[in-house]
Amino acid sequence: LGRVAASGSVQVRDFMTIHPGTAYEEVMVLDTAGDVVLSTYVLNQGVTFADQGFFQQGSSGPVARFTRYPGRQNEAGQYRLVVAEPFYGENQQEVLGVVAAVIRPDPVLALLQPTMGLEGVQTYLLDTDMSVVSTSALPSGSAQATVLQQAVQNRRGSDTATYRNFAGTTVFGYYDWNPVLQQILVAEVPQSAVVGRSLSAALTSGLVGLLTIFIAAFA
């Protein structure tokens, strides 16, 4: 069995080397207890991920999680996209374990970049326990907004609303439930920034109007 596992691990590592475009960092097989029995990163074999969401949810169906992957090759605790899915015996009632792939985070990080042209915008993911998932230095906390809680409960939803965010700031927010990640993508701008910009635009428009009237009257 050990030889078979080693051979399988080498074959998958070779595939990852030949096809770097797959963006895989690690592929592993976990048993029903959450222990890694086979991994392309040998030092992770024997490690348990029983308490991790990707294993718990991946035991019952396909799932993708953007999370701080706790594998031994990720000692810095950086975010990774972890995809997991159960594999079966003779039927889908006989779950033999979970296959998981650790993927570079670039596709998700691209969604969380600052919005050009808008100051103070914060973009982050919200997990199903209402905790904030972000690569930027956001204050710690969990979301309390009713609209976001409802989106998590319903596992769907996309809208804009005004609410107090996890840091207690009143914001104009856009949120969208992502069925693949099972998380909410949130983009928020402080209400004060929006109001300030609106007032600035209104004042500028008013001054231009007054100047136009003055010039007309002078002419």
Taking every non-hydrogen atom, the tightest pair across [X] and [Y]:
X	Y	answer
Glu26	Ser39	OE2-OG, 2.5 Å
Tyr175	Thr160	CE2-N, 4.5 Å
Thr48	Ala33	OG1-O, 4.2 Å
Leu30	Phe87	O-CE2, 4.2 Å
Ser59	Pro86	O-CB, 3.7 Å

Going by the rule side-chain hydrogen bond (donor to acceptor under 3.5 Å, both in side chains), which residues pair with [X] if we only count those two or more places apart in sequence or in a different chain?
X	value
Gln57	none
Asp159	none
Tyr174	Ser158

Residue pair Phe49, Met28: steps toward the side chain to side chain contact (heavy atoms under 4.5 Å, CB included) verdict: CA-CA 11 Å; Phe49 292 122; Met28 55 189 167; 3.8 Å; yes
Worked verdict on Glu25 versus Arg104 for salt bridge (charged side-chain N to carboxylate O under 4.0 Å, His left out): CA-CA 7 Å; Glu25 291 187 348; Arg104 288 193 290 271; 5.2 Å; no
Hydrophobic cluster membership, Ile184 vs Tyr124, 4.5 Å side-chain cutoff: yes
Hydrophobic cluster identity match, Val47 and Phe55, side-chain contacts under 4.5 Å: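 Same hydrophobic cluster.
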Under 3.5 Å side-chain donor-acceptor pair for Glu188 and Tyr163: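 Yes - a donor-acceptor pair under 3.5 Å links their side chains.
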Identified side chain to side chain contact (heavy atoms under 4.5 Å, CB included) partner of Gln183 from the options Val152, Thr128, Leu126, Val133: Val133
Expected output: side-chain Thr40 to main-chain Val27 donor-acceptor under 3.5 Å: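 The answer is yes, because a donor-acceptor pair under 3.5 Å joins these two groups.
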Parallel, tilted or perpendicular, as decided by the 30° and 60° cut-offs, for the rings of Tyr69 and Phe54: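 Correct class here is tilted.
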